[in-house]
Amino acid sequence: MQNALAQVGVDDLSLDRELIRSAQHSFSNVIDTGKVTNQKKSGRCWIFAALNMLRHLGGRAKYGDDFEFSQNYVYFWDKFERFNWFMEEVIKTAQLPLDDRTVSFLLESSNLGSDGGQWDMFVGVVLKHGLVPKAAMPETESSSNSHRMNAILRTKLRQAALDLRKVAPQPRPSQPRPSQPRPSQPRPSQPRPSQPRPSHLLAPAATLLPTSMLCMHLGTPPARFEYQWTDKDKEKTFHRIVRTPRPHTPFPNPSGHLSRPGWRAPGPATPCACLGMPGCASTGLGCGAAWRRRMRAGGQEAVSPLDFLAASVSVPLGDYVCLIHDPRPASLLHRAYTVAHLGSVVGSAHPVRYLTVSLEELKELTMRTIVDRVRAPTHSAPPCPPAGRSSGGTTTAGVAAIAPAGVTLSFVPALIPSALRSVGLLSVGPQKEPVWFGSDVGKSSRTKDYGLLAAGIFGYGALYQTGLGLPKADQLLTGQMAMTHAMLITGVDVAEGRPRRWRVENSWGEDHGSKGYLTMTDPWFDEYVMEVAIRRDLLSTPLQEALGPSHRPGPGAPPWCPGPALAANLHPASPPSSPALPCPGRWSGGGAAQEPLVLPPWDPYGTLAQTAPAS
């Protein structure tokens with residue numbers, strides 16, 4: 001055996017050939033998802049998997065089989081938002097010493113400046129910044145090969161963090177108040193101490209320089225763009241997507257907006273009344289003179305990324321829930337969890353949040369999403385009124401139009417799905433969906449040549465004549481397992497009502513597996529799949545109640561609760577009648593029954609998916 005290992009790699013020597021022979025690349029239920037994408041030498045798997053899902057759910061049907069959303073655009077804004085998130089965390093922990101475990105994790109973690117992320121982070125970025133086609137912001141050398149850029153940005157972020165800690169507001173020590181001098185005595189002149197800048201101004205200022213560096217590497221994201229295409233069928237139909245402001249009889253209102261009758265004064269987080277879009281300042285659509293100039297120029301204008309998101313994505317991104325299977329003894333079943341210090345968009349309505357379920361529930365919901373024809377949740381908005389007429393104080397003036405040349409269709413953003421159904425651009429009725437999932441892809445996998453994810457594919461125990469391998473719970477407790485890669489489940493082979501193997505769309509190009517698609521055996525699913533994103537309406541009533549209606553994160557957790565990546569032991573608050581849990585540094589994640597319990601940032605379920613293909 002020593003001679004064999006001197007000449008042959010241990011994986012090739014221990015490979016189970018019978019398992020490879022029996023793993024067929026055929027499935028009883030398949031969703032046609034076209035060609036795979038390629039993240040190249042970057043850790044953007046979670047972005048690619050999520051955008052592939054949206055592309056299959058509407059993008060390809062509208063824009064053609066070769067259509068792709070710009071991964072670089074989402075990548076840029078994720079980096080931007082996480083710069084700001086990191087600076088906010090630095091301000092929050094500025095009172096702690098540098099050798100504090102939380103501070104050390106924030107500054108030393110491989111997550112700092114990395115490419116990795118999770119589903120809820122993707123949703124927060126997209127709902128804030130929208131989407132663009134790949135042609136509007138193509139790939140660059142740094143987006144496809146991000147190692148050097150990330151190393152430079154990581155250095156700058158640490159430098160900015162140390163500078164920020166010096167000027168962040170510090171708590172005033174509690175000292176006895178000195179006696180005041182008598183009025184007859186002159187008050188001694190003292191130099192006025194320099195006041196630190198308000199904390200809400202520090203993080204944006206510290207983010208400016210890393211953002212300019214980011215623009216150099218990735219390019220400047222477009223604020224507006226035009227998109228047009230020609231169908232590849234026999235008719236060669238030409239399409240263009242534009243934004244068309246509709247003329248109306250304006251009159252000034254107290255805020256200076258031009259509006260229709262039924263105007264309501266816009267306030268914080270109130271949609272702009274004139275065009276029905278979320279805020280003139282944020283979209284750049286504006287009112288008054290700028291609006292009249294665009295009308296005189298011809299009426300049509302380029303669309304914004306938020307316009308394109310509304311026109312291209314018909315599924316409600318905010319309705320997806322991340323389900324995890326966590327067999328560790330301290331993990332509570334059917335409880336919501338969040339992760340301390342993990343996120344991207346500050347103040348997002350969709351923070352990182354999980355719902356713990358059993359393995360059987362995880363697989364059943366995944367299979368139902370792919371096999372059953374799942375009807376999308378109905379929208380509460382009324383049918384789209386004719387262009388130029390208002391409904392409930394919101395106008396139909398302007399958003400994206402998708403139509404053959406010479407035809408313009410204008411829809412209110414909130415009514416895009418119903419409006420597209422009314423003109424036949426979105427099929428009425430149920431649809432199957434691929435499933436975004438996260439896993440530990442490096443375990444028991446042979447993807448390059450065989451395209452196989454199979455538990456036990458390597459017989460290391462028989463080779464070394466010793467017992468090797470840990471149960472899933474022990475792997476999580478000891479740091480043997482973490483979520484390292486995100487992909488898309490696009491098919492399942494079902495026999496006698498139970499899944500046997502799963503079809504996986506990867507983002508490592510067509511030279512891995514069967515033209516980029518992998519076969520995942522059901523035992524591998526049991527062992528290494530950690531998280532899936534499922535529509536909330538598929539959950540049973542008890543699960544929806546356990547998840548709760550709130551998207552607010554729960555109270556913070558001390559970072560010393562044992563655990564190598566996020567939290568190896570989950571210890572929510574014990575009822576007063578129960579004995580204290582024997583955990584050094586036991587923490588209380590309780591509160592209201594529906595509040596998520598908080599995991600420390602080094603738990604395995606807080607690891608960011610960012611595995612690139614092996615070179």
Side-chain angles (χ1 to χ4, degrees), residues 118-120 123 318-340 342 349-369 372 374 377 435-439 471-477 481 483 489 498-499 525-557 561 563 565-578 581 583 586-600 603-607:
Q118 298 206 13
W119 171 262
D120 286 317
V123 172
D319 286 352
Y320 284 84
V321 178
C322 285
L323 307 179
I324 63 172
H325 171 237
D326 186 357
R328 292 176 290 185
S331 176
L332 299 181
L333 189 64
H334 299 165
R335 285 301 304 268
Y337 284 87
T338 188
V339 181
L342 180 63
H350 299 277
V352 174
R353 188 171 64 162
Y354 311 121
L355 178 65
T356 55
V357 296
S358 66
L359 180 61
E360 291 73 20
E361 291 171 322
L362 194 74
K363 294 168 67 173
E364 174 66 20
L365 289 169
T366 302
M367 188 171 67
R368 282 179 53 195
T369 303
D372 297 340
V374 181
V435 176
W436 185 99
F437 77 104
S439 64
K472 188 174 184 177
D474 291 342
Q475 292 189 59
L476 292 169
L477 286 168
M481 177 186 294
M483 194 185 79
I489 300 178
R498 300 188 60 84
F525 187 111
D526 298 346
E527 193 72 17
Y528 300 111
V529 170
M530 301 177 66
E531 173 185 353
V532 298
I534 299 292
R535 289 271 279 269
R536 182 172 181 142
D537 64 331
L538 277 180
L539 303 183
S540 63
T541 300
L543 288 181
Q544 294 195 33
E545 292 176 351
L547 185 66
S550 173
H551 287 278
R552 295 172 300 156
C561 189
L566 271 188
N569 290 297
L570 315 180
H571 293 288
S574 303
S577 58
S578 62
L581 295 173
C583 169
R586 180 175 62 89
W587 59 275
S588 180
Q594 300 299 337
E595 288 291 338
L597 305 176
V598 184
L599 310 178
D603 188 270
Y605 283 93
T607 324

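These numbers were taken from a predicted model, which means no experiment stands behind them. Every heavy atom of this structure was used, including side-chain atoms; hydrogens, water molecules and symmetry mates were not.
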From CA spacing to verdict: side chain to side chain contact (heavy atoms under 4.5 Å, CB included), H334, L543
CA-CA 7 Å; H334 299 165; L543 288 181; 3.4 Å; yes

What heavy-atom pair brings H325 and L362 nearest, and what distance separates the two atoms?
CB-CD2, 4.0 Å

Contact check, side chains of E531 and W436, non-hydrogen atoms, under 4.5 Å:
yes

So which atom in A533 and which in V435 form the shortest heavy-atom distance, rounded to 0.1 Å?
O-CG1, 3.9 Å

Closest heavy-atom contact between P499 and M367?
CD-SD, 3.8 Å

Nearest 0.5 Å, what's the CG-CD distance between L539 and E361?
9.5 Å

Nearest atoms (heavy-atom pairs only) where V357 meets L333
C-CD1, 3.4 Å

When you compare the side chain of L355 with that of L323, does any pair of heavy atoms fall below 4.5 Å?
yes

Straight-line distance of H350 NE2 to D120 CG, nearest 0.5 Å:
8.0 Å

Between the OG1 atom in T338 and the CZ atom in R353, the distance rounded to the nearest 0.5 Å is 8.5 Å

The reported gap from CG in L538 to CD in Q544 (rounded to nearest 0.5 angstrom) is 9.0 Å

Can you name the nearest heavy-atom pair linking T356 to S331, along with the distance?
CG2-OG, 3.8 Å

Do T369 and I534 come within less than 4.5 Å of each other through their side chains, counting heavy atoms only?
yes

Who passes side-chain hydrogen bond (donor to acceptor under 3.5 Å, both in side chains) against D526, sequence neighbours left out?
K363

I'd like to check the side-chain hydrogen bond (donor to acceptor under 3.5 Å, both in side chains) partners of E527; sequence neighbours left out, ordered by chain and number.
Q475

Test side-chain hydrogen bond (donor to acceptor under 3.5 Å, both in side chains) applied to S540 - qualifying residues, sequence neighbours left out
none

Determine, step by step, whether L332 and Y337 satisfy the side chain to side chain contact (heavy atoms under 4.5 Å, CB included) criterion, reporting the C-alpha distance in whole Å, the side-chain angles of both residues, the deciding distance to 0.1 Å, and the verdict.
CA-CA 9 Å; L332 299 181; Y337 284 87; 3.6 Å; yes

So, using ring-ring contact (aromatic ring centres under 6.0 Å, His included) as the criterion, who are the partners of F437 when residues are at least two apart?
none

So L365 and V532, side chain to side chain contact (heavy atoms under 4.5 Å, CB included) or not? Walk me through it.
CA-CA 9 Å; L365 289 169; V532 298; over 6 Å; no

Less than 4.5 Å apart, any side-chain heavy atom of L476 and any of P327?
yes

Least distance between heavy atoms, P604 atom then M481 atom:
CB-O, 3.5 Å

Please test Y605 against V339 for side chain to side chain contact (heavy atoms under 4.5 Å, CB included), starting from the C-alpha separation and ending with a verdict.
CA-CA 8 Å; Y605 283 93; V339 181; 5.7 Å; no

Is there side-chain contact between D326 and Y354, with heavy atoms separated by less than 4.5 Å?
no

